[in-house]
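To keep things clear, I will list the structure first and then write my remarks on it.
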Amino acid sequence: MITTSLDTAIDRLRELIDSSDRIVPFTGAGISTESGIPDFRSPGGLWTKNRPIPFDDYMASAEAREEAWRRRWAIDATFAAAKPTRGHLALASLYRSGKAPAVITQNIDNLHQVSGIAPQAVVELHGNTTYALCMDCARRHELPPIRETFEATGAAPDCSCGGIIKTATVSFGQAMPAEAMQRAQDLANDCDLFLVVGSSLVVWPAAGIPLLAKRNGAALVIINREPTELDEYADLVVRSDIGDTLGPFITH
Ligand code: NAD
Ligand code: ZN
């Protein structure tokens with residue numbers, strides 16, 4: 001069923017949530033737009049202006065790294081000011097209720113963790129842009145000291161091991177995190193309700209995960225104001241605002 005009626009969507013969603021024991025939310029950029037972080041497709045969005053920097057270029061070229069960090073600082077204020085949205089808060093409520101064991105996300109903004117979901121229960125398919133990692137020894141680095149060095153010298157520091165530091169996101173051409181992919185697949189294989197929230201489902205292999213859930217007998221719900229690639233497989237498609245749809249599910 002495809003619905004643009006908010007009341008129908010909320011009623012149907014409540015029935016599905018009430019009759020499910022194990023719910024797996026799967027989120028994309030759309031859950032965060034209410035916080036001021038633009039999604040991938042919004043015209044003039046921070047992401048559409050620039051050609052992505054492939055992983056190999058980042059590792060091979062100091063100039064590419066400089067450009068990547070410049071772009072990261074350009075979005076820093078937006079990310080720092082962002083607060084969890086009604087969508088995040090509703091999913092955190094489901095998590096607290098015990099019905100949602102974890103959340104799978106394509107987002108890199110850390111807002112699920114900020115909303116109160118334990119970090120180990122947030123399965124990040126595309127990493128996290130709020131901190132950095134050494135590409136050699138995998139040590140975690142915080143961004144403020146990197147920015148300080150960058151602003152003083154025009155380049156980010158290297159790790160104490162000599163390795164190159166990069167935000168903890170998955171760049172184009174970089175391998176998907178194997179553990180996160182495996183956990184996402186396991187969650188999809190073992191749930192009775194799979195809840196896609198704010199993803200156009202065009203980015204693979206992430207977009208294949210809802211299909212796994214469907215194939216294993218879960219009900220598939222897609223909440224997204226635009227049509228997605230998987231609407232035809234869904235039991236319920238809600239083409240309404242995410243905050244308006246999930247707001248009634250926030251419990252405190
Ligand atoms: P996308 O931009 O392709 O799709 C987002 C979808 O959300 C769109 O179809 C849009 O119509 C819908 N949407 C936006 N706001 C909405 C609202 N308030 N209510 C209902 N629907 C709404 O995003 P994607 O599928 O996540 O793929 C983009 C990739 O870019 C992701 O893999 C992610 O890694 C990255 N990204 C992350 C962030 C973030 O961390 N917040 C932001 C932009 C891009
Ligand atoms: Zn290192």
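Because only heavy atoms are used, hydrogens play no part in the values below, and waters and symmetry mates are left out as well, while side chains stay in. For ligands, and for the atoms within them, numbers begin at 1 and follow the listed sequence.
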For ligand 1, which atoms, with element, lie under 4.0 Å from some heavy atom of [X]?
X: Gly198; value: 5 (C), 6 (C), 7 (O)
X: Ser32; value: 41 (N)
X: Ile37; value: 41 (N)
X: Gly28; value: 26 (O)

Item to check | Candidate with minimal heavy-atom separation from atom 35 (C) of ligand 1, of Arg86, Gln106, Glu34 | outcome: Gln106
Checklist entry - Is there a side-chain contact between Leu187 and Phe194, using heavy atoms and a 4.5 Å cut-off? => result no
Item to check | Side-chain touch Val221/Val237, heavy atoms, less than 4.5 angstrom | outcome: no
Indicate yes or no: does an N/O atom of [X] lie under 3.5 Å from an N/O atom of ligand 1?
X: Val203; answer: no
X: Ala29; answer: yes
X: Ile242; answer: yes

Checklist entry - Of Thr169, Asp109, Asn110, which is the lone residue that meets side chain to side chain donor-acceptor pair (under 3.5 Å) with Asn128? => result Asn110
Checklist entry - Is it the side chain (CB and beyond), the backbone, both or neither of Thr33 that lies under 4.0 Å from ligand 1, heavy atoms counted? => result side chain
Checklist entry - Tell me the ring-ring contact (aromatic ring centres under 6.0 Å, His included) pairs involving residues 83-130, sequence neighbours left out? => result His88-His112
Item to check | ILVMFWY cluster membership beyond Leu89 - transitive side-chain contacts under 4.5 angstrom | outcome: Ile250
Item to check | Test of ring centre spacing under 6.0 Å for Phe55 and Phe172 | outcome: no
Whether [Y] and [X] form a salt bridge (side-chain N of Lys/Arg under 4.0 Å from carboxylate O of Asp/Glu) is what I want to check.
X: Asp18; Y: Arg14; result: no
X: Asp231; Y: Arg239; result: yes
X: Asp190; Y: Arg22; result: yes

Checklist entry - Are any of the heavy atoms in Pro38 under 4.0 Å away from ligand 1? => result yes
Next on the checklist: When you measure from the heavy atoms of Ser240 to every atom of ligand 1, does any distance fall below 4.0 Å?
Outcome noted: yes
Checklist entry - Within 45° of the six-membered ring axis of Phe150 and under 6.0 Å from that ring's centre, is NZ or CZ of Arg72 located there? => result no
Next on the checklist: Tell me every residue that passes salt bridge (charged side-chain N to carboxylate O under 4.0 Å, His left out) with Lys214, counting only those two or more places apart in sequence or in another chain.
Outcome noted: Asp235
Checklist entry - So which protein N/O/S atoms does the Zn ion (ligand 2) have within less than 2.8 Å? => result Cys134 SG, Cys137 SG, Cys159 SG, Cys161 SG
